[in-house]
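Computed from heavy atoms alone, side chains included, the values below leave out hydrogens, waters and symmetry copies.
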Amino acid sequence: MDRYIDFDKINLELPPPEEEPDRQYYFTAKAKRYAEAESARLGRPLTCCIQTFGCQMNSRDSEKLLGILKQIGYQETDDEHADFVLYNTCTVRENANKRVYGRLGYLNTIKKKNPDMIIALCGCMMQEAQVVEKIRTSYRFVDIIFGTHNIFKLAELLCRRYELRQSSGTEACGAIPASLSQPTKSGTGTAASSKNNMVIDVWEGTDRIVEDLPVERKYPFKSGVNIMFGCNNFCSYCIVPYVRGRERSRRPEDIIAEIRRLVSEGVVEVMLLGQNVNSYGKTLDTRVTFAQLLKQVDQIEGLERIRFMTSHPKDLSDELIETMASAKKVCHHLHLPVQSGSSRILKQMNRRYTKEQYLELVDKIRRAIPDISLTTDIIVGFPGETEEDFQETLDVVERVRFDSAFTFIYSKRTGTPAAKMENQVPDDVVKDRFDRLLKRVQEISAEVCGRDLHTVQKVLAEEPDDHLDGYLTGRMDNNTVVHFPGEPSLIGKIVDVYLEESKGFYYMGKRGN
Ligand code: 5AD
Ligand code: SF4
């Protein structure tokens, strides 16, 4: 956040401002006073616990949510016996949803012992109407529900929750203030209501991006930076476009300003985040391509490494390949989800490339950037997938030899075109294919990842090693993990490490050359 805000000086006698982010500063000040009163009553600081499910987008959102909670006065804890517990959910596969429902049962037992606890749910799962309905009726102990488009409103929603409690007592079913039963102005198709004191505010979509809110970063030396939100691709299996909305790019000047600020705070590595970074800039008044943005970020003094994800193969331009090859700071790592090796299935998936086009693209990238590390996502068991289709996927894996691949069993997501496809593949067939794929992916990745053995590499020291005393864990430019002896004072620095031993997915190394 650029501006220093003295929340104690904000006049709460006045009505809340209409404009963002000022409106949220107002509600942060208000929530801070409620929290201070609560903390005085309990005779201890209030605690908050955020559990993040899913992808890096969600992790970044959680950092923003934690930033808001800390300004309100909450202290962070990993323990779900906290005063405020927030689940930032994912819905990309059904398993993620099941985990949330399972964990909610556990939270309910905690809340029975501490009725003052506030439970909030946000993220992709909450963008699904049937999920919200189920929570509203079957998980009535939940206090706040909001979606992916309005995370910046957390302080305002928390204030509503505090006010509802004050006006009606914790358990009582108070009257719904008019302001809550009306959609709020800023979103499209907003559902904002308060049943059983549950504050619900989920927007169907939005065209706005609220800048200048606080962020509490997990690592002092590296950070995710959103460059765009949403997705317009509508791959037929994927729920993301429905829950994250249409593609919106942040203005390059806002992105550059944020990265400069991060660098001034000690960040040396950024990960530019978007569902499909290759189509960055299409929604801006003045078109800027992703490659042009990368070139600008590459100029930022003090920044050492630039990563990005995710790239859709259909949009990966020659300009981007040239930029990756020539830029000083862009890491030679590309996450390029293939999803399937069968052109027939790719068509059904609405991926808009064929197996041959994917393989040609990989060749082109490797010619321009010989040391590129390639990773991918693969789905097994998409409706109608035959053994022949699966063999095509294995063939791509053999030919490309990915550094690593995330393999997923197809999960039927309600509302997506693939969910209506009739020829769903039986579970046992999918499981068998999945096991065969995983085995091959792991074997290849163990061979490929060893290619830098006995060389000296630049490694960003990230944290103390979990298993070995006196060791640190870091990452090479191509994202491979290295463990090496080192002092904690090196954390956040890029150091030379000699790779002594390859362990398949990671190296053991020692400092120096
Ligand atoms: N089933 C299985 N995997 C999926 N993914 C997206 N939707 C589904 C689904 N319905 C995978 C894709 C994507 C990654 C983030 O999640 O491989 O690249
Ligand atoms: Fe989902 Fe496809 Fe968009 Fe990725 S590009 S988020 S897989 S719809």
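Ile68 contributes atom CD1, which lies 13.5 Å from atom NZ of Lys70 (distance to the nearest 0.5 angstrom). Interatomic distance, Leu158 CG to Ile144 CD1, rounded to the nearest 0.5 Å: 5.0 Å. In this structure, Leu107 CG and Arg103 CZ are separated by 7.5 Å, a value rounded to the nearest 0.5 Å. Distance check, rounded to the nearest 0.5 Å: NZ of Lys439 to OG1 of Thr407 gives 14.0 Å. Taken to the nearest 0.5 Å, the CZ atom of Phe152 stands 11.0 Å off from the CZ atom of Phe146. From Leu69, atom CG reaches atom CD of Glu216 across 10.0 Å, with rounding to the nearest 0.5 Å.
Side chain of Tyr87 to main chain of Gly123: no donor-acceptor pair is present (N/O by atom type, distance under 3.5 Å, no hydrogens or angles). The closest donor-acceptor contact from the side chain of Ser249 to the backbone of Gly281 lies under 3.5 Å.
Because its NZ or CZ atom is both nearer than 6.0 Å to the ring centre of Tyr219 and within 45° of the ring axis, Lys222 counts as a cation-pi partner of that residue. Under a cutoff of 6.0 Å and an axis angle of 45°, Lys30 and Tyr162 do not form a cation-pi pair.
Using a 3.5 Å distance cut-off with no hydrogens or angles, the side chains of Arg413 and Thr91 do pair a donor with an acceptor. Residues Asn88 and Ser62 bring a donor and an acceptor atom of their side chains to less than 3.5 Å of each other. A donor-acceptor contact closer than 3.5 angstrom links the side chains of Asn276 and Asp315. A donor-acceptor pair shorter than 3.5 Å cannot be found between the side chains of Glu76 and Thr47. Side-chain polar atoms of Ser340 and Glu392 form no donor-acceptor pair below 3.5 angstrom. With 3.5 Å as the limit, one finds a donor-acceptor pair spanning the side chains of Glu163 and Tyr34. Asp79 and His81 share a side-chain donor-acceptor pair at under 3.5 Å. With hydrogens and angles left out, the side-chain atoms of His335 and Thr375 include a donor and acceptor closer than 3.5 Å.
Residues Glu80 and Gln51 have side chains in contact (heavy-atom distance under 4.5 Å, counting atoms from C-beta outward). Looking only at side-chain heavy atoms (C-beta outward), Arg250 and Ile255 come within less than 4.5 Å of each other. Considering only heavy atoms from C-beta on, Met125 comes within 4.5 Å of Tyr101 through its side chain. In this structure, Leu86 and Cys49 have side chains that are not in contact, with every pair of non-hydrogen atoms separated by 4.5 Å or more.
Electrostatic pairing of Arg344 and Glu388 does not count as a salt bridge here, judged by no charged N lying under 4.0 Å from a carboxylate O.
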Could you go step by step and tell me if Asn233 and Lys314 meet the side-chain hydrogen bond (donor to acceptor under 3.5 Å, both in side chains) rule?
CA-CA 10 Å; Asn233 285 319; Lys314 81 173 163 58; 2.9 Å; yes
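Ring geometry for Phe406 versus Phe408: interplanar angle under 30°, hence parallel rather than tilted (30 to 60°). Between Phe402 and Tyr358, the angle of the ring planes lies from 30° to 60°, which puts this pair in the tilted group. Using the six-membered ring where Trp is involved, Tyr410 and Phe382 have ring planes that are perpendicular, over 60° apart on the 30 and 60° scheme.
Residue Arg217 forms a salt bridge (Lys or Arg N to Asp or Glu O under 4.0 Å) with just one option from Glu265, Glu269, Glu63, Glu258, and that option is Glu265.
Counting heavy atoms of neighbouring residues, nucleotides and ligands inside a 6.0 Å radius, atom CD of Gln130 exceeds 12 of them.
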Just list the side-chain donor-acceptor pairs under 3.5 Å for residues 417-427, sequence neighbours left out, or say none.
from, atom 1, to, atom 2, distance (Å)
Gln424, NE2, Ala418, O, 3.2
Gln424, NE2, Met421, O, 2.9

